[in-house]
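All remarks here apply to the structure that follows.
Each chain gets a letter, A, B and so on, in the order its sequence line appears, and its residues count up from 1. Every heavy atom of this structure was used, including side-chain atoms; hydrogens, water molecules and symmetry mates were not.
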Protein chains: 2
Amino acid sequence: MNSLAEENYLKALLNLSNDKGEVNVNELSKRLEIKMPTVTSMMKRLSAKKLVHYESYKPLRLTEKGKKEAAAIIRKHRLTEMFLVEKMGFGWEQVHDIAEQIEHIQSPEFFAKMDELLGFPKLDPHGSPIPDKNGKMVWKEYSKLSECKAGDTIKLSAVINTSAEFLKFLNSRELSLGLKLKIKSVEPFDNTMVVSYGKRLSETLSHTVCERLLVEKV
Amino acid sequence: MNSLAEENYLKALLNLSNDKGEVNVNELSKRLEIKMPTVTSMMKRLSAKKLVHYESYKPLRLTEKGKKEAAAIIRKHRLTEMFLVEKMGFGWEQVHDIAEQIEHIQSPEFFAKMDELLGFPKLDPHGSPIPDKNGKMVWKEYSKLSECKAGDTIKLSAVINTSAEFLKFLNSRELSLGLKLKIKSVEPFDNTMVVSYGKRLSETLSHTVCERLLVEKV
DNA sequence: ATAATAAGTTAGATTAGACTAACAAATTTA
DNA sequence: TAAATTTGTTAGTCTAATCTAACTTATTAT
């Protein structure tokens with residue numbers, strides 16, 4: 001069994017290693033807000049447990065075992081978020097911190113029950129895929145809203161940043177997943193977008209916001 | 001904020017100090033399965049935090065602050081058990097170990113939501129009172145089944161032992177809270193009871209079992 | 001009342017997980 | 001390519017929470 005600290009390192013490693021499967025000590029240190037020497041020593045421990053491939057001065061890579069255990073934690077996190085929203089009536093901006101704690105609960109039955117009560121969901125409330133029991137997790141092919149062009153009509157499918165502040169901002173603009181929107185124009189010098197959706201015919205979204213919204217072309 | 005270990009000591013202290021409000025180091029040590037020297041040193045720490053009255057070689061007593069914090073943990077435990085049974089479909093024999101973990105979640109909103117969804121319950125699935133938000137917890141005046149006499153008709157109101165084994169035994173005899181039963185006879189030499197209830201007209205219950213069942217006279 | 005037993009404490013060791021200070025390697029910049 | 005910067009490691013310290021061994025105090029039994 002892994003400790004709480006170990007679980008947090010594993011999860012952060014998988015979350016950071018989206019593309020190449022490689023993570024730097026420095027990145028991990030920043031993400032976890034834990035100093036680099038501590039990270040180095042933990043990597044040696046996880047390496048001894050065959051969860052991480054570790055060589056001095058080389059990037060970090062999860063082993064297959066490590067990936068599976070990390071995915072299991074992320075699965076618990078996302079199932080929990082879904083449960084909190086769908087079954088307990090929380091808003092999507094309220095669930096991250098609670099799920100961050102519940103993901104460490106050791107009880108397969110508990111999460112199996114959540115899964116069943118939710119009808120075996122594939123996505124969490126922020127549009128992120130819930131890894132299956134084997135640790136398999138596939139992201140649909142989304143684009144960032146910031147990469148779309150004026151005239152495009154798109155569907156809001158996921159958010160990258162799940163901080164309460166960002167999600168409260170989205171709430172305040174009635175932006176929620178599944179929403180269709182049309183890009184009316186893009187300011188060339190700061191990439192600000194003017195979009196229309198629902199009853200809002202002209203909302204302005206900063207580039208910072210548009211970079212954090214994942215969309216599907218419609 | 002108290003650590004997980006500290007919370008477990010506080011909870012055990014309150015659970016053990018039913019009558020006199022006093023607990024021995026030895027009892028606490030056995031309950032927590034932690035050696036006495038470790039308990040002693042933790043008591044010094046909790047004493048420094050004004051949670052426990054501690055003097056060498058004297059029994060341990062929770063301070064008012066300690067009682068309140070301990071009750072808050074027990075409240076979270078029992079609300080969780082109720083939620084698991086009522087809202088998630090677990091059996092009363094399955095919920096203890098899960099609640100043991102969830103009781104440490106730091107999120108007033110999470111437990112407030114449970115409370116609300118459950119309709120502000122006063123008792124947990126085993127008949128134990130759920131402390132209110134101020135830490136107040138009152139046990140109704142129950143008798144042990146083992147103290148009743150032949151001819152009595154009583155209602156099963158709570159169980160003392162909440163181990164899965166004991167609860168599974170009760171399940172196997174269709175014994176559940178709220179059930180009315182009649183004491184047909186008591187064996188004088190081993191205090192075994194023969195009772196009838198529902199469709200079961202003659203069930204034999206050992207003294208060990210009868211001591212763990214709390215009942216109300218009807 | 002004293003000896004035996006049980007309960008409690010002190011002292012010192014251990015492990016996990018964090019830190020800082022100092023140094024070393026790798027990368028970037030001039 | 002050499003200097004400056006960034007990244008990573010080593011060495012050593014600290015605290016929480018556990019342990020064992022040895023000792024002390026309190027309780028029980030003869």
Side-chain angles (χ1 to χ4, degrees), chain A residues 1-17 19-62 66 69-70 73 100-101 103-104 106, chain B residues 1-13 15-17 19-62 66 69-70 73 100-101 103-106:
Chain A
M1 211 20 34
N2 302 311
S3 70
L4 204 143
E6 286 167 342
E7 290 199 350
N8 284 332
Y9 281 89
L10 289 173
K11 188 178 61 138
L13 276 165
L14 188 54
N15 276 331
L16 286 172
S17 69
D19 44 334
K20 287 209 301 177
E22 290 188 353
V23 184
N24 298 323
V25 173
N26 193 244
E27 286 175 82
L28 187 52
S29 164
K30 277 176 186 145
R31 167 66 68 103
L32 292 169
E33 298 182 75
I34 285 173
K35 296 289 183 294
M36 287 211 301
T38 310
V39 172
T40 297
S41 78
M42 181 59 95
M43 288 308 107
K44 288 179 178 173
R45 211 132 65 71
L46 294 182
S47 170
K49 294 178 87 169
K50 305 278 183 218
L51 294 165
V52 167
H53 293 294
Y54 173 74
E55 288 175 88
S56 287
Y57 299 103
K58 295 262 175 70
L60 308 165
R61 278 161 37 238
L62 284 167
E69 298 191 11
I73 300 160
E100 202 78 10
Q101 299 180 66
E103 71 192 8
H104 301 291
Q106 302 293 335
Chain B
M1 211 24 29
N2 302 312
S3 70
L4 203 144
E6 287 167 342
E7 290 199 348
N8 284 333
Y9 281 90
L10 288 173
K11 188 178 61 142
L13 277 165
N15 276 331
L16 285 172
S17 69
D19 44 335
K20 288 208 300 176
E22 291 188 352
V23 183
N24 298 323
V25 174
N26 192 244
E27 286 176 81
L28 188 53
S29 164
K30 277 177 186 145
R31 167 67 67 101
L32 292 170
E33 298 183 78
I34 285 173
K35 295 290 182 293
M36 287 212 301
T38 310
V39 172
T40 297
S41 77
M42 180 60 95
M43 288 310 106
K44 289 178 178 172
R45 211 134 61 73
L46 293 181
S47 170
K49 294 178 85 169
K50 307 276 183 219
L51 294 164
V52 167
H53 292 295
Y54 173 76
E55 287 175 272
S56 287
Y57 300 104
K58 296 262 175 72
L60 307 166
R61 277 162 39 239
L62 284 167
E69 298 192 11
I73 300 161
E100 202 77 10
Q101 299 180 66
E103 70 192 7
H104 300 292
I105 300 292
Q106 301 294 333

| Within the pair A/Y9 and C/dA18, is there a side-chain N or O less than 4.0 Å away from OP1 or OP2? | yes

| request: Answer yes or no: does a side-chain N or O of A/K44 lie under 4.0 Å from OP1 or OP2 of D/dT10? | output: yes

| Approximate separation, where rounding is to 0.5 Å, of A/M43 CE and A/S41 OG | 8.5 Å

| said: A quick test of your reading: do over 12 heavy atoms of other residues, nucleotides or ligands sit less than 6.0 Å from NZ of B/K50? | reply: no

| note | A/M42 CE to D/dG8 P, in whole Å, measures 17 Å

| said: B/Y9 and side chain to side chain contact (heavy atoms under 4.5 Å, CB included): which single residue from B/N2, B/L60, B/I34 fits? | reply: B/I34

| Euclidean distance, atom OH of residue A/Y57 to atom C1' of D/dT6 [Å, nearest integer] | 12 Å

| said: For a quick check of understanding: with a heavy-atom distance under 4.0 Å over all strands, which category does B/S3 fall into, base, sugar-phosphate or nothing? | reply: sugar-phosphate

| query | Is the shortest side-chain N/O distance from A/T40 to OP1 or OP2 of D/dG8 below 4.0 Å? | reply | no

| Rounded to whole angstrom units, what separation is found between the CG atom of A/L28 and the C1' atom of D/dG8? | 13 Å

Can you name the atoms? Protein N/O to nucleotides 1-3 of chain C N/O, anything below 3.5 Å, with the distance.
none

| query | B/E27 has an atom CD; how far is it from atom C1' of C/dA6, in whole Å? | reply | 14 Å

| Tell me, do B/L4 and B/Q101 make a side-chain contact under 4.5 Å, heavy atoms counted? | no

| task | For A/K58 and D/dG8, give me the distance from atom NZ to atom P, rounded to whole Å. | result | 13 Å

| task | Could you grab the distance from atom CD1 of A/I73 to atom CG of A/N15, nearest 0.5 Å is fine? | result | 10.0 Å

| request: May I ask you to evaluate whether A/Y54 reaches the phosphate of D/dT9, defined as a side-chain N or O under 4.0 Å from OP1 or OP2? | output: yes

| task | First locate atom CD of B/E69, then atom CG of B/L13, and finally report the distance between them rounded to the nearest 0.5 Å. | result | 12.5 Å

| field | Integer-rounded Å distance: D/dG8 P and A/N26 CG | value | 5 Å

| Pairs where residues 22-32 of chain B contributes a residue and the test side chain to side chain donor-acceptor pair (under 3.5 Å) is met, not counting sequence neighbours | B/N24-B/E27, B/N26-B/K30

| field | B/K58 atom NZ, over 12 foreign heavy atoms within 6.0 Å | value | no

| task | Can you sort out which residues in residues 29-38 of chain B have a heavy atom within less than 4.0 Å of DNA chain C? Ascending by number, please. | result | B/M36, B/P37

| message | Return the CD to CD distance between A/E100 and B/Q106, rounded to the nearest 0.5 Å. | response | 14.0 Å

| Atom CG of A/N2 to atom C1' of C/dA16: distance rounded to whole Å? | 13 Å

| query | Rounded to whole angstroms, how far apart are CE on A/M1 and C1' on C/dA16? | reply | 17 Å

